[in-house]
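Here is the structure we will look at.
Since the structure is predicted, the reported quantities are computational estimates derived from the model, not experimental observations. Excluded from the calculations below are hydrogen atoms, water molecules and symmetry mates; all remaining heavy atoms, backbone and side chain alike, are included.
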Amino acid sequence: MLDSQLIRNQLTEVAAKLAKRGFTLDQSHLIELETQRKQCQMETQRLQNERNTRSKSIGKAKAKGEDTTELMQSVAELGDQLKASEIKLDSIQNELNNILLGVPNLPHDSVPEGKSEEDNPEQRRWGTPKTFKFEPKDHVTLGEQLNQLDFEVAAKITGSRFAFMRGPLARLQRALIQFMLDTHTEKHGYTEVYVPFLVNADSLMGTGQLPKFAEDLFHIAEQDYYLIPTAEVPVTNFARDVIFPADALPVKFVAHTPCFRSEAGSYGKDTRGMIRQHQFEKVELVQMVKPQDSYDALEALTGHAETILQQLDLPYRVVSLCTGDLGFSAAKTYDLEVWLPGQQKYREISSCSNFEAFQARRMKARWRDPENKKPGLLHTLNGSGLAVGRALVAIMENYQDENGKIAIPNVLQSYMQNKTHIE
RNA sequence: GGAGAGGUGGAUGAGCGGCUGAAAUCACCUCCCUGCUAAGGAGGCACAGGUCUAAAACGCCUGUCGAGGGUUCGAAUCCCUCCCUCUCCGCCA
């Protein structure tokens, strides 16, 4: 959520920045509502003040034993007027708030302008896509030939966009998770956390998935809980309604969780294989930092995710999302894209974002600034470190040999009973 | 699932329907005193919104004692619903 004062005082500047990311802010409607709000709020507060002072005088009069019937009569008359005014104010503020909750974050000045994915400038590349002496297969063919990956069984058990894995491949996924968690906790200073996979609406509101993106979520209607679409939700909401002392920052958490996405609106996209599933595993990095540190933290966090790809020796590139491709809550995002021989393409495997105070404002995540002793909003960041399902796909496709065997990356072998291949 | 207890500021914790945005203590901040340390003394110290302002500070106003409703001229205090925490019993991976 944006600062409402900013919107009020610098409406045209805000609208211009939002326009860069393709969001049109209805300025005249906002101005109109704002005028109404101001007028109504002042009137309501005037009436409240009136009621309070008169009620107090009743108390005093009674204490002196004076007759109060006339006074009481006069306050009672205020009641209807006050109630009507309060209801009106409430509805105006609700409308304003709903608009505000639907406004995306402002892009940081360093974010390149552009309309879509195609305009995301590449920042750097690491590694070189391997040339195969044979036609490389995609992970679906590889997995099915090994009899370790089965989409039909998954479809029987549940439906489309789920996977069933068995044997070494299932273990390789677990190895990846272990390796990522170990690296981030031991080398990058993150604290491992285990979190709920079902969250309430307040948490989703806090990180920005609600109210706008409800259709992307799985909802348990009975309890009004939602399956998490990313660990970002439960992990970042750790900070909701918290005021951190300055010396507790930065908070750096890493969590492995499954993620559940309805993928509404992506029918026909990536229907083959494990690239786009309703359920997938992810290791997520989350940081809560002082505002002045957040852009350094974004570079560092992105580097932490990159380390994993480098250790796995998977070629990748880093792109900076342009204004038009930026996610709702993000001020700036780097995507890491891994090379997939089966598709002959770089595909997203991690997304690292600085949300600045956007999420913090929604969830009242604050810190006590020693400068002025006052609570101030902190900045939140997160990034996949990495998407495990896609990392598994990348390994299968990049490490395959002519016979359909898959070599196990060096760093994972200790997690795989020191085996060198999956066959 | 059954029975009970409870949710108040950064923390602990008082609170009769009006003079309580909230005692007290701790923590914190400023100052004084003081060989050092410890102790002592004076004062300050919730958050949010509005208004004022070029912007702020100050001031003024409003709201907030788990959440939402209600009763009342007036609610932290009374009533209802919900949420959460704790204890005991039952069940359970």
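- Spacing between B:rG15 and B:rG66 at atom P, rounded to whole Å, works out to 15 Å.
- OP1 or OP2 of B:rU51 lies within a sub-4.0 Å distance of a side-chain N or O belonging to A:Arg37.
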Check nucleotides 91-93 of chain B for protein N or O atoms closer than 3.5 Å to its own N or O atoms and list the pairs.
none

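- Between A:Arg368 atom CZ and B:rA27 atom P the separation is 16 Å, expressed in whole Å.
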(request) Determine, for nucleotides 56-67 of chain B in 5'-to-3' order, which nucleotides have protein heavy atoms under 4.0 Å from the base (write B), from only the sugar-phosphate (write S), or from neither (write -). (result) -----BSS----

(request) Just do the ring pair (Phe, Tyr, Trp, His ring centres under 6.0 Å) check on A:Phe197 and A:Phe260 with the steps written out, would you? (result) CA-CA 9 Å; A:Phe197 303 157; A:Phe260 303 93; 7.5 Å; no

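- Residues satisfying the side-chain contact (heavy atoms from CB on, under 4.5 Å) test with A:Thr24, not counting sequence neighbours, are none.
- Under the 3.5 Å distance criterion, the side-chain polar atoms of A:Gln148 are matched with a main-chain donor or acceptor of A:Leu169.
- Mapping A:Lys83 and A:Tyr225 onto RNA chain B by nearest heavy atom places A:Lys83 at the nucleotide closer to the 5' end.
- No contact: A:Pro245 has no heavy atom under 4.0 Å from any strand.
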(request) Any chance you could lay out the side-chain contact (heavy atoms from CB on, under 4.5 Å) test for A:Thr12 and A:Gln27, step after step, and finish with the verdict? (result) CA-CA 8 Å; A:Thr12 46; A:Gln27 293 188 57; 3.5 Å; yes

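- Here the side chain of A:Arg362 pairs a donor or acceptor atom with the backbone of A:Met205 at under 3.5 angstrom.
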(message) For RNA chain B, please output the secondary structure as dot-bracket, reading 5' to 3'. Pairs are Watson-Crick or G-U wobble, both atom distances under 3.5 Å; mark crossing pairs with [ ], other-strand partners with |, unpaired with a dot.
(response) ((((((((.[[[..)..(.....]]].(((((.......))))).((((((.......)))))).[[[[[..)....]]]]])))))))....

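- Remark: A:Lys374 is not in phosphate contact with B:rA46, judged by side-chain N or O atoms under 4.0 Å from OP1 or OP2.
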Protein and nucleotides 17-21 of chain B: nitrogen or oxygen contacts under 3.5 angstrom:
{"residue": "B:rG18", "atom": "O6", "partner": "A:Lys62", "partner atom": "NZ", "Å": "3.2"}
{"residue": "B:rG18", "atom": "N2", "partner": "A:Ser55", "partner atom": "O", "Å": "2.6"}

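- Look at the P atom in both B:rA42 and B:rC84: the space between them is 47 Å, to the nearest Å.
- Between the A:Lys212 side chain and the A:Gly102 main chain, a donor and an acceptor come within less than 3.5 Å of each other.
- Judged as a salt bridge (charged side-chain N to carboxylate O under 4.0 Å, His left out), not a single pair has a partner in residues 157-186 of chain A (not counting sequence neighbours).
- Nearest-nucleotide positions on RNA chain B place A:Lys373 closer to the 5' end than the other of A:Glu34 and A:Lys373.
- When the P atom is compared between B:rA5 and B:rU81, the two are found 16 Å apart, to the nearest whole Å.
- For A:Gln223 and B:rC82, the CD to P distance is 15 Å, given to the nearest whole Å.
- Atom CD of A:Glu86 is separated from atom P of B:rG69 by 11 Å (rounded to the nearest Å).
- Aromatic ring centres of A:His278 and A:Phe218: separated by under 6.0 Å.
- Residue A:Arg366 places at least one side-chain N or O closer than 4.0 Å to OP1 or OP2 of B:rA48.
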